[in-house]
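For the single chain, residues carry numbers from 1 onward in sequence order. All heavy atoms count here, side chains included; hydrogens, waters and symmetry mates do not.
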Amino acid sequence: MTPKFLWLVALVALYIPPIQSLNCVYLDDSILENVKLLGSTMTGFPLRCLKDITDFKFPKEILPYIQHMKREINAVSYRISSLALTIFNLKGSIPPVTEEHWERIRSGLFKQVRQAQECFMDEEKENREHPHSEDFLTVYLELGKYFFRIKKFLINKKYSFCAWKIVTVEIRRCFIIFSKSRKLLKMISESPTFKQELK
């Protein structure tokens with residue numbers, strides 16, 4: 001290869017971002033697919049369920065941390081995905097949709113968890129020398145408390161039809177908030193200023 005072409009190859013390489021694993025690439029799509037699946041249970045929200053609506057206190061204070069977690073965002077993705085799947089795998093439930101639809105939701109969440117886990121593990125291999133930040137530990141703990149409140153609500157309501165309607169809406173809301181945070185982080189991380197700060 002001539003020096004001229006070598007120079008062109010080097011120039012192109014500078015502008016090509018690192019190749020992510022396919023699990024990381026498709027994770028955002030899986031989250032949006034599950035937002036749609038969860039949204040399909042919201043049709044015909046019964047008036048009798050309005051009295052049970054609860055504020056689960058989504059920890060909005062963690063959002064500024066998430067928006068700057070370039071190296072740990074996939075670990076947070078795995079945390080949220082696995083906690084959501086745990087909720088939907090609780091026994092003795094009265095699902096607000098048909099059993100077939102319920103299985104589609106659980107299957108979609110399982111796919112999201114698997115992708116998030118493998119993406120997170122790939123990230124861990126690349127950053128073995130960098131321990132998790134205090135911000136990450138804060139986010140990790142606050143998310144655990146948030147999903148515990150959701151689980152406790154279901155238990156107190158004996159996994160009723162209305163309780164599941166409300167919880168499904170809440171977890172969908174959680175996914176939407178998190179998806180927007182991931183998109184914002186991606187926009188920020190692709191800016192020249194952010195890349196310079198990481199060096």
Any side-chain heavy atom of [X] sitting closer than 4.5 Å to one from [Y]?
X	Y	answer
Tyr78	Leu27	no
Thr168	Phe88	yes
Ile171	Asn34	no

Q: Determine, stepwise, if the pair Phe58 / Cys174 fulfils side-chain contact (heavy atoms from CB on, under 4.5 Å).
A: CA-CA 7 Å; Phe58 178 85; Cys174 170; 3.8 Å; yes
Q) Which atom names give the shortest non-hydrogen contact between Ala84 and Leu109, and what distance separates them? A) O-CD1, 4.3 Å
Given 3.5 Å as the limit, does a donor-acceptor pair link the side chain of [X] with the main chain of [Y], or not?
X	Y	result
Lys165	Leu50	no
Thr41	Leu37	no
Ser179	Phe175	no

Do the side chains of [X] and [Y] join up, straight or via other hydrophobic residues, at under 4.5 Å, putting them in one cluster?
X	Y	answer
Ile53	Trp164	yes
Leu137	Ile80	yes
Leu83	Leu90	yes
Ile87	Ile155	yes

**Q.** Phe110 atom CZ: more than 12 heavy-atom contacts under 6.0 Å
**A.** no
Q: Walk me through it: do Ile66 and Phe178 pass the test side-chain contact (heavy atoms from CB on, under 4.5 Å)?
A: CA-CA 9 Å; Ile66 290 176; Phe178 183 60; 4.2 Å; yes
Q) What do the steps show when you test Glu142 against Lys145 for side-chain contact (heavy atoms from CB on, under 4.5 Å), and what is the final call? A) CA-CA 5 Å; Glu142 290 302 319; Lys145 294 175 185 176; 3.5 Å; yes
(Q) Does Thr86 form a side-chain contact (heavy atoms from CB on, under 4.5 Å) with Phe147? I'd like the steps, not just the answer. (A) CA-CA 9 Å; Thr86 299; Phe147 277 93; over 6 Å; no
Q.
If the condition is side chain to side chain contact (heavy atoms under 4.5 Å, CB included), which residues does Leu141 pass it with, not counting sequence neighbours?
A. none
Salt bridge (Lys or Arg N to Asp or Glu O under 4.0 Å) pairs, two or more places apart, involving [range]:
range	value
residues 51-66	Asp52-Lys157
residues 96-108	Glu99-Arg106, Glu103-Arg106
residues 172-185	Asp28-Arg182, Glu170-Arg173
residues 31-44	Glu33-Lys111

Q) Applying ring-ring contact (aromatic ring centres under 6.0 Å, His included), which residue pairs with at least one partner in residues 30-56 are found, sequence neighbours left out? A) Phe56-Phe153
(Q) Is a donor from one side chain sitting under 3.5 angstrom from an acceptor on the other, for His101 and Ser40? (A) yes
Q: Let me know which of Ser30, Ser82, Ser81 forms a side chain to side chain donor-acceptor pair (under 3.5 Å) with Gln112.
A: Ser81
Q: Enter the distance from Ile62:CD1 to Leu143:CG here, rounded to the nearest 0.5 Å.
A: 4.0 Å
Q.
What's the separation between atom CD1 in Ile73 and atom CZ in Phe136, rounded to the nearest 0.5 Å?
A. 10.0 Å
